[in-house]
Amino acid sequence: MTSAMSLCDATLRSTPETVSWGWISADRAPVLRVKSGQTVRIDTVTHQGLNTPRDPVAFFGAAGVAPGEVLKDASEIYRAVRREDRAGPHILTGPVHVEGAQPGDMLEVRVLDVEIRVPYGVNATGPGSGFVPDLLTKAEQKIIHLDLKRNVALFARDVEVPLAPFMGIVAVAPPPRLKRVSTKPPGAFGGNIDFKHLIAGSTLYLPVFNDGALFYTGDGHACQGDGEVDGTAIEISLTPTLQLIVHKGAGKAMNWPCAEDAANHYAMGMGPNLDEALKNAIREAVDFLKGRAGLSATEAYALCSLAVDFRIGEAVNNVLMVYGVIPKRLFRQQAAYWAEQR
């Protein structure tokens with residue numbers, strides 16, 4: 001048993017009853033209830049290998065994956081769950097109801113661990129995919145085997161990519177007026193942010209829009225570069241262990257999710273294009289620096305120009321995300337969490 005498993009207050013399996021294919025819903029009944037501060041271990045299943053005419057055993061078997069290495073829950077979901085028209089592509093596990101969470105609160109999501117469930121993943125791309133949709137002329141679903149002992153993906157004969165698993169989708173349910181949204185575009189509720197820094201040891205903060213927050217996760221990635229430019233990463237089934245903490249009233253001032261890890265704060269901005277996403281990320285970084293360090297708007301804007309790197313988080317999901325990397329070493333006194341600044 002791993003240390004993360006021993007810390008868990010609850011475990012949520014991925015089954016036909018606990019997953020949602022393509023939707024983040026505000027009106028879906030919770031599949032688990034936890035108290036604020038409790039930890040939950042959540043199985044997730046990638047949609048890759050389930051979104052084809054062949055069942056997962058046949059799909060992955062064509063690339064040399066033994067039937068015993070195909071997840072039983074993936075086969076069960078393939079047989080029992082159907083993706084609706086206009087739904088997003090991803091399979092999510094949830095929602096989890098967090099006791100005490102109400103609209104206007106903030107949900108802190110501490111990533112304690114991210115376990116890899118299978119030693120292979122998929123990168124799928126082709127015509128119409130990614131940020132350069134006319135680059136390719138042939139669709140391909142490349143199955144990539146992993147060497148888990150060496151912690152690398154065996155991409156090609158002379159190419160190995162270090163693994164850094166994280167959840168591409170981490171979300172609370174959207175405002176009730178929307179009822180449900182596709183899993184593809186991210187938003188203020190989080191969702192498909194594809195933020196590669198959400199590895200074990202990081203923390204994400206989300207504004208709450210519904211009673212219980214209604215937390216979802218899925219779209220596991222074994223590794224990804226900033227931008228996710230061809231449309232996918234190494235898509236894989238993962239099991240994150242998360243601690244969910246409610247901060248009362250702290251979400252009222254939030255426009256977008258934000259995050260941190262041991263080295264940096266991360267200010268996110270989103271928009272329909274990179275210009276708008278960058279502008280929103282800069283505004284978020286300026287507001288954070290004003291509150292964190294007592295700077296004027298002019299000083300905070302200047303500090304962004306001097307010491308904050310702005311990077312493309314994802315450029316392929318209709319709503320794009322840019323984030324600012326704010327080094328914690330800039331500050332003489334360290335504040336632990338974004339929540340303390342709200």
Side-chain angles (χ1 to χ4, degrees), residues 106-109 111 130-131 164 166-172 174 181 184-199 202-209 219 221 224-229 231 233 250-331 335 337-342:
M106 171 195 283
L107 185 67
E108 177 181 346
V109 182
V111 183
F131 199 72
F166 72 97
M167 303 311 301
I169 295 180
V170 185
V172 295
V181 295
K184 185 171 182 180
F189 52 86
N192 194 21
I193 57 177
D194 290 328
F195 183 56
K196 74 172 190 175
H197 296 285
L198 285 184
I199 60 174
S202 65
T203 301
L204 180 71
Y205 302 96
L206 299 168
V208 172
F209 300 99
D219 187 32
H221 294 168
Q224 180 202 293
D226 275 329
E228 198 190 29
V229 295
K252 294 178 181 178
M254 295 185 70
N255 298 308
W256 307 106
C258 50
E260 69 174 305
D261 56 26
N264 303 300
H265 298 288
Y266 300 102
M268 300 182 192
M270 301 183 195
N273 54 60
L274 291 176
D275 286 348
E276 289 302 313
L278 175 58
K279 289 176 183 178
N280 287 330
I282 293 170
R283 291 187 181 102
E284 292 295 299
V286 166
D287 286 346
F288 173 76
L289 291 170
K290 287 166 60 181
R292 172 65 183 81
L295 303 178
S296 68
T298 302
E299 290 172 325
Y301 198 16
L303 188 56
C304 283
S305 193
L306 298 177
V308 179
D309 291 325
F310 289 89
R311 301 172 183 170
I312 301 170
E314 64 83 8
V316 293
N317 294 322
N318 303 129
V319 173
L320 313 187
M321 190 272 279
V322 170
Y323 66 95
V325 183
I326 305 170
K328 290 185 175 180
R329 66 176 183 272
L330 294 176
F331 311 110
Y337 300 105
W338 280 78
E340 295 181 6
Q341 308 307 316
R342 297 289 176 175

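Since the model is a prediction, treat every value here as computed from it, not as a measurement. Along the sequence shown, residues are numbered consecutively beginning with 1.
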Trainee: Would you please indicate if the ring centroids of Phe166 and His197 are separated by under 6.0 Å?
Mentor: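 Not under 6.0 Å, so no.
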
Trainee: Considering all heavy atoms of both residues, which atom of Val322 and which atom of Ala281 are nearest to each other, and what is their separation?
Mentor: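 Heavy atoms only, the tightest pair is O-CB, 3.4 Å.
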
Trainee: Check whether Glu276 reaches the backbone of Asn273 with its side chain - one donor and one acceptor, N or O, closer than 3.5 Å.
Mentor: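 Not confirmed, Glu276 side chain does not pair with Asn273 backbone.
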
Trainee: For side chain to side chain contact (heavy atoms under 4.5 Å, CB included), just list the numbers for Tyr205 and Thr203, CA-CA rounded to whole Å, side-chain angles, deciding distance to a tenth of an Å, and then say yes or no.
Mentor: CA-CA 7 Å; Tyr205 302 96; Thr203 301; 3.5 Å; yes

Trainee: Restricting to non-hydrogen atoms, name the atom on Pro257 and the atom on Met270 that form the minimum distance, rounded to 0.1 Å.
Mentor: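 Pro257 and Met270 have their closest heavy atoms at CD-CE, 3.7 Å.
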
Trainee: Please walk me through it: do Lys279 and Ile282 pass side chain to side chain contact (heavy atoms under 4.5 Å, CB included)?
Mentor: CA-CA 5 Å; Lys279 289 176 183 178; Ile282 293 170; 5.7 Å; no

Trainee: Between the side chains of Asn317 and Asp194, does any donor sit under 3.5 Å from an acceptor?
Mentor: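 A pair is found: one side chain offers a donor N or O, the other an acceptor, under 3.5 Å apart.
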
Trainee: Locate the shortest heavy-atom distance separating Asp226 from Arg311; write the atom from each residue and the value.
Mentor: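 Closest approach of Asp226 to Arg311: OD2-CD, 3.8 Å.
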
Trainee: Does Lys252 reach the side chain of Met106, with side-chain heavy atoms less than 4.5 Å apart?
Mentor: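 No, side chains not in contact.
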
Trainee: Would you say the side chain of Asn264 lies within less than 4.5 Å of the side chain of Asp261, judging by non-hydrogen atoms?
Mentor: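 Contact flag for Asp261/Asn264 side chains = yes.
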
Trainee: Do Asn255 and Asn280 come close enough that some side-chain heavy atom pair is under 4.5 Å?
Mentor: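 No. Closest side-chain heavy atoms not under 4.5 Å.
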
Trainee: Is there a side-chain contact between Phe189 and Leu206, using heavy atoms and a 4.5 Å cut-off?
Mentor: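 Phe189 does not reach Leu206 side chain to side chain.
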
Trainee: State, with a plain yes or no, whether a side-chain heavy atom of His265 is found less than 4.5 Å away from one of Pro327.
Mentor: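 When only atoms from C-beta onward are counted, Pro327 and His265 do not touch, as no gap falls below 4.5 Å.
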
Trainee: Measure the shortest side-chain to side-chain distance between Lys196 and Glu228 over non-hydrogen atoms and say whether it is less than 4.5 angstrom.
Mentor: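 They are not in side-chain contact.
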
Trainee: Check the pair Leu204 / Tyr266 against side chain to side chain contact (heavy atoms under 4.5 Å, CB included), numbers first and verdict last.
Mentor: CA-CA 9 Å; Leu204 180 71; Tyr266 300 102; over 6 Å; no

Trainee: Donor-acceptor check, side chain of Lys290 to backbone of Ala285, threshold 3.5 angstrom: yes or no?
Mentor: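 A pair under 3.5 Å: no.
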
Trainee: Is there a side-chain contact between Leu289 and Cys304, using heavy atoms and a 4.5 Å cut-off?
Mentor: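 The answer is yes; the side chains approach within 4.5 Å.
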
Trainee: Any idea which heavy atoms bring Gly191 and Pro186 closest together, and the distance?
Mentor: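 Smallest heavy-atom distance, with atoms named: C-CB, 4.5 Å.
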
Trainee: Glu284 and Tyr323: side-chain donor and acceptor closer than 3.5 Å?
Mentor: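 The criterion, which ignores hydrogens and geometry beyond distance, is not satisfied for Tyr323 and Glu284.
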
Trainee: Do other residues, nucleotides or ligands put more than 12 heavy atoms under 6.0 Å from the CZ atom of Phe310?
Mentor: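 For Phe310, atom CZ is crowded (more than 12 foreign heavy atoms under 6.0 Å).
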
Trainee: Within the side chain of Asn192, is there an N or O that forms a donor-acceptor pair under 3.5 Å with the backbone of Lys184?
Mentor: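 Here the side-chain-to-backbone pair exists.
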
Trainee: So do the side chains of Ile312 and Glu314 get within less than 4.5 Å of each other, counting heavy atoms only?
Mentor: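 They are not in contact (no side-chain heavy atoms under 4.5 Å apart), so the answer is no.
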
